[in-house]
Amino acid sequence: MSKSIKLRNQFIDYFRARGHTHVHSAPVIPFEDPTLLFINAGMNQFKDVFLEQGSRPYTRAVDYQKCIRVSGKHNDLEEVGRSPNHHTFFEMLGNWSFGDYYKKESIEWAWDLLVNVLKIDPKRLYATVYKGDNQVTPDDEARNIWLELTGIKDDRVSYHDAKDNFWEMGEVGPCGPCTEIHYDLGAKACQKRHVDGHICKVNGDCGRIVELWNLVFIQYRRDASGKLHNLPRKHVDTGAGFERLLRVIEGVDSNYETSLFTPLISELEVISGVKYSSGDVGIPHRVAVDHVRTLSIALADGVLPSNDGRGYVMRRILRRAARYGREIGLENPYLYKLVEPLIEIMGSAYPELAERKDHIIGVIKSEEESFSRTLGRGLVLFGGITDKLHKEKGAVISGDDAFKLYDTYGFPLDLTELMARERNLTIDNERFNKLMEEQRFRARGEEKFAAIDDEMTVGLKSEFEGYNNDSIKTKVASVKQNNDRLELILEKTPFYAEAGGQIADHGRIQWENGALNVENVVSVGDRIIHVGQLVEGVLPKIDAEVIAIIDQNRRLAIKYNHTSTHLLHTALRKHLSKNTSQMGSLVAPDRLRFDFNHTEKLSSDMLFNIEDTVNEAIRHNYKVSTNEMEYKEAIKSGVIALFGEKYGEEVRVVQIGSDDEPYSRELCGGTHVDSTGQIGLFRIISESAVSAGVRRIEAVTGEYALKLTQNEKRKLNQIEDLLGSHGSDPVEKLSKTLEEKHSVEKENERLLMGWAKGVAVEMLSEANEMNNLRVASRLFTDVSVDRMKMIGDQIRIADSRVVALLAAPVSKGAGQLCCVVGDSLIVEKKLKAGDLVSKAARLAGGGGGGRPHMATAGTKSPEKLSIAVDGFEEIVKKTLEVE
RNA sequence: GGGGAAUUAGCUCAGUUGGGAGAGCGCUGGCUUUGCAAGCCAGAGGUCACCGGUUCGAGCCCGGUAUUCUCCA
């Protein structure tokens with residue numbers, strides 16, 4: 001067993017033996033927390049407990065949590081790869097107490113685990129405690145526990161200020177003092193060992209003594225004024241950085257030299273042929289192995305590269321890795337090759353990596369290819385810029401050009417700089433930075449996510465009882481008026497809050513002297529909030545009796561679509577691959593949308609097959625049943641769990657079909673029909689690409705599917721009427737018609753050409769000689785501009801020493817003119833059709849222009865066209881005189 | 001969320017102050033060559049993303065929408 005796997009197990013086992021429940025790492029996409037881009041600390045998944053908004057069936061927990069951090073005060077993306085301990089992905093080991101044990105056990109166990117189980121030298125350990133402030137007394141309690149229960153030396157426990165030893169979740173909210181365990185890496189780790197008079201200190205800045213484990217004692221809540229209040233329960237939240245702990249245990253100089261990374265680095269040495277070094281030469285290696293971990297984990301949890309939000313962070317990380325790869329000669333996609341070795345190392349801790357292997361590799365590879373295209377395009381544009389500079393004998397690439405390359409085309413500035421240096425050019429950095437600052441300024445000043453006001457509703461719980469009820473009598477738990485929006489929380493409710501892709505129920509909540517029209521329902525922690533407009537009467541009081549009624553027809557339509565979504569999921573697995581799984585889902589009353597991982601467009605035959613399979617399952621009229629069970633039990637029995645979803649310990653399993661041979665079993669909290677036959681009909685309406693490796697199917701069911709079918713038939717009837725193909729195959733008839741149309745058009749073109757030639761000959765025969773050229777003109781009655789152009793062409797071809805004007809009214813209020821000039825005259829007499837037609841059109845109260853050999857013009861007074869035609873010879877004559 | 005770009009033939013793209021929709025590759029047919037690579041000739045293939053506006057006239061100008069790329073947050 002590798003050391004990393006062993007360390008995780010030792011940690012988990014130690015606390016399990018002490019009554020802790022092993023909780024799975026939450027997905028890196030925060031669930032129900034829009035304020036956070038990624039899970040970035042072990043406590044994220046327990047945040048609702050600390051806020052007293054949610055609860056758990058256990059009071060002691062232990063876990064290892066995957067975390068992603070790309071920006072913020074502790075982590076600058078640019079540091080990753082340069083330093084021995086910065087990462088964009090890392091794991092946190094933690095044990096938790098929710099109102100259970102407190103300081104004594106946490107400290108005692110932490111020490112015991114480090115010293116006696118992990119065999120870390122106690123002589124290298126230090127502890128820190130909080131020194132107190134005007135609201136909090138110094139944490140002598142923790143210090144005494146250290147001294148009495150661990151045997152650590154008195155001079156190894158020190159007091160520190162709030163920056164290091166008072167933990168806060170945010171400006172307001174849960175907080176408390178913490179105690180930290182630090183480790184002395186030894187004199188050679190000191191970065192200031194050559195500085196005179198430097199003394200290495202705990203919480204110093206030389207890197208020799210590092211924090212190993214932080215034990216946080218949450219006992220306060222800070223309000224908006226900064227005042228601390230005691231929490232009803234005290235909690236423990238601990239976090240030990242996994243990579244750093246492993247580094248200490250393995251006794252190596254850098255996180256990147258632990259067994260978590262070395263196999264990846266070796267693989268990269270093979271791929272690139274460049275040997276790793278702990279110095280600068282190894283930066284590309286460190287960047288690549290760090291970033292491939294982040295990308296793989298995020299992709300496995302359902303993040304996809306995109307232009308904003310999480311997806312954009314992924315894209316930037318991938319590009320950073322691709323760019324550093326180029327420094328060690330890796331011009332082609334390479335990062336995806338590290339995914340398999342990564343799964344070797346991390347797959348047992350995070351099975352989702354192995355399950356989504358093909359997806360992860362596919363997406364990374366196609367993103368790398370896409371970046372190559374971006375760079376390639378940038379190179380072309382850069383070439384254009386330098387060519388221009390070369391011609392103008394300039395030596396400075398303007399800030400605007402460099403910025404445009406970067407901002408619009410994504411070409412990295414450092415590459416621009418590098419290539420400029422190679423050509424002895426410089427860049428106007430000042431201007432570039434100014435533009436960059438303007439860009440930042442523009443992006444600021446928009447509102448952030450609306451913070452949820454927690455004060456009113458702390459500790460409230462509402463029960464969802466809507467699986468079998470459309471209406472419920474209950475009491476009001478909380479009322480809030482927000483402009484014209486009313487927010488109600490009830491003790492129990494039949495309303496389904498938007499979750500798992502299923503959108504919220506609509507309906508009505510009624511009380512003695514008023515009613516709420518429910519337009520949206522959201523859940524926050526254990527609370528279900530009904531949002532809508534007060535439609536009658538006055539606000540209800542707390543504890544007022546109400547009747548909550550959902551819109552039954554809407555719910556029924558949602559049920560059809562939700563059960564159909566499960567049937568579709570099964571059908572996709574049957575027809576495409578067992579590994580096909582949901583990447584996103586929308587269940588609305590009028591349609592359903594299902595995103596899944598698949599690399600190619602589905603053929604229309606395939607879509608029909610899938611549609612058939614779903615409809616077979618509908619006709620089979622499978623019974624749909626639900627039951628609650630433990631998460632682990634459910635997973636063991638092979639139930640489909642979706643990524644990007646959070647599941648508690650108790651989960652709900654929706655089963656379609658018999659117990660012995662279920663057609664589908666999925667973890668799902670949504671509402672479903674009793675038997676599949678109720679759905680009636682399932683029709684796919686579209687199939688499209690969402691992003692690399694992900695496709696989307698949209699479908700309708702029940703009444704909506706029937707309406708779709710009827711509309712299609714209606715259209716077909718109309719088509720048959722138009723084609724006159726009743727009784728015969730309209731497709732055959734139409735293709736025959738199109739064929740005929742094609743040959744008629746060809747014939748028409750041929751005839752027109754002959755006709756145009758004839759007219760041209762007529763006009764030429766009537767042309768007048770003057771000044772060694774010929775002038776022809778004619779007023780047509782019913783000829784379009786295109787036809788006049790055809791005739792004009794024939795005239796030019798027949799005689800290169802002719803100018804001609806053609807004119808015709810095209811509608812009641814408009815007339816068109818066309819002028820042509822023979823090639824010889826353009827050269828010899830400098831005649832331009834554009835000028836001539838412009839002058840002629842002016843006689844008719846219009847305007848126009850064109851090219852030397854052919855030009856067109858128009859007028860809104862078609863009755864004046866004859867003036868233009870009659871005056872044309874005069875115009876030509878005068879034009880020649882001027883020359 | 002806020003900027004900057006792109007969208008033209010199956011693919012890659014060109015298209016000048018607004019005035020006949022083009023090239024290369026690919027495809028089909030013919031010719032040439034001992035064969036291959038290729039060459040020559042001919043042909044098919046277009047809602048210039050979509051909707052609206054300005055104009056006598058819009059691929060081009062203006063406004064909006066969609067999709068994609070890209071930067072910032």
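All chains are named by letter (A, B, ...) in the order of the sequence lines, taking the proteins before the strands, and each is independently numbered beginning at 1.
- Atoms CZ (A:Phe432) and P (B:G4) sit 17 Å apart, rounded to a whole Å.
- Following rounding to the nearest Å, A:Leu375 (CG) and B:C69 (P) show an atom-to-atom distance of 15 Å.
- Comparing B:U32 with B:G19, their P atoms are spaced 44 Å from each other, to the whole Å.
- Taking 4.0 Å as the cut-off between side-chain N and carboxylate O, A:Arg591 and A:Glu698 count as a salt-bridged pair.
- Distances were taken from every side-chain heavy atom of A:Ser370 (C-beta onward) to each of B:U70, B:C72, B:G4; the shortest belongs to B:U70.
- Between the P atoms of B:C69 and B:G30, the separation comes to 43 Å (whole Å).
- Relative orientation of the A:Phe403 and A:Tyr406 rings is tilted, given thresholds of 30° and 60° on the angle between their planes.
- Contact annotation for A:Gly848: base contact, defined as any heavy-atom pair under 4.0 Å involving a base atom.
- Rounded to whole Å, the P atom of B:U16 lies 11 Å from the corresponding atom of B:C60.
- Distance, A:Gln439 CD to B:C72 P: 7 Å, rounded to whole Å.
- For the pair A:Leu381 CG and B:C13 P, the interatomic distance rounds to 11 Å; values are reported in whole Å.
- Rounded to whole Å, the C1' atom of B:A58 lies 36 Å from the corresponding atom of B:C41.
- Heavy atoms of A:Arg796 sit under 4.0 angstrom from at least one base atom.
- Ion pair A:Glu368/A:Arg319 not flagged as a salt bridge, since none of the NZ, NE, NH1 or NH2 atoms sits closer than 4.0 Å to an Asp/Glu carboxylate oxygen.
- Using a 4.0 Å cut-off, some side-chain N or O of A:Tyr312 falls inside it from OP1 or OP2 of B:C72.
- Distance, A:Leu805 CG to B:C56 C1': 14 Å, rounded to whole Å.
- Looking at heavy-atom distances under 4.0 Å, A:Gly410 makes contact with sugar-phosphate atoms alone, never a base.
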**Study point:** Dot-bracket encoding of pairs in RNA chain B, which uses [ ] for pseudoknotted crossings and | for another strand, Watson-Crick or G-U under 3.5 angstrom
**Key:** (((((((..((((.....[..)))).(((((.......))))).....(((((..]....)))))))))))).

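- As rounded to the nearest Å, B:U55 and B:G18 have P atoms that lie 16 Å from one another.
- You'll find that the side chain of A:Arg319 is closest to B:C71, out of B:C56, B:A5, B:C71.
- For the pair A:Leu435 CG and B:U70 C1', the interatomic distance rounds to 16 Å; values are reported in whole Å.
- Mapping A:Ala855 and A:Ala814 onto RNA chain B by nearest heavy atom places A:Ala855 closer to the 5' end of the strand.
- The phosphate of B:G19 (OP1 or OP2) has no side-chain N or O of A:Arg851 nearer than 4.0 angstrom.
- Applying the 4.0 Å criterion to OP1 and OP2 of B:C69, one finds that A:Thr408 has every side-chain N and O outside that range.
- Only the C1' atoms considered, B:A6 is 14 Å distant from B:C48, to the nearest whole Å.
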Just distance, no hydrogens or angles: give the donor-acceptor pairs under 3.5 Å from side chains in residues 841-860 of chain A, sequence neighbours left out.
{"from": "A:Arg842", "atom 1": "NH2", "to": "A:Ser838", "atom 2": "OG", "distance (Å)": "3.2"}
{"from": "A:Thr859", "atom 1": "OG1", "to": "A:Ala844", "atom 2": "O", "distance (Å)": "2.6"}
{"from": "A:Thr859", "atom 1": "OG1", "to": "A:Ser861", "atom 2": "N", "distance (Å)": "2.9"}

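- The CZ-P distance, from A:Arg373 to B:C69, rounds to 9 Å in whole Å.
- Between A:Arg323 and A:Asp414 there is a salt bridge, since a side-chain N of the basic residue sits under 4.0 Å from a carboxylate O of the acidic one.
- Nearest to the side chain of A:Gln816, among B:A5, B:C56, B:C71, sits B:C56.
- Taking 4.0 Å as the cut-off between side-chain N and carboxylate O, A:Lys434 and A:Glu438 count as a salt-bridged pair.
- Salt-bridge annotation for A:Glu712 and A:Arg683: present, with a side-chain N of the basic residue lying under 4.0 Å from a carboxylate O of the acidic one.
- Under 4.0 angstrom from either OP1 or OP2 of B:C69 there lies no side-chain N or O belonging to A:Arg377.
- The structure places CZ of A:Arg593 at 4.0 Å from CZ of A:Arg696, a figure rounded to the nearest 0.5 Å.
- For the P atom pair drawn from B:A44 and B:G24, the interatomic distance equals 16 Å after rounding to whole Å.
- Proximity of A:Tyr409 to the phosphate of B:A6: no side-chain N or O atom is located under 4.0 Å from OP1 or OP2.
- Comparing B:G4, B:C72, B:U70 by their nearest atom to the side chain of A:Arg440 picks out B:C72.
- The base of B:G57 has none of its N or O atoms less than 3.5 Å from a complementary donor or acceptor on the side chain of A:Thr856.
- Residue A:Lys404 contributes atom NZ, which lies 13 Å from atom C1' of B:C69 at whole-angstrom precision.
- Straight-line distance between the C1' atoms of B:G64 and B:C27: roughly 38 Å, to the nearest whole Å.
- By the side chain to side chain donor-acceptor pair (under 3.5 Å) test, A:Arg774 is found to be paired with A:Asp799, residues two or more places apart in sequence or in another chain being considered.
- The side chain of A:Thr374 approaches B:C69 more closely than any other nucleotide in the set B:A73, B:C69, B:G2.
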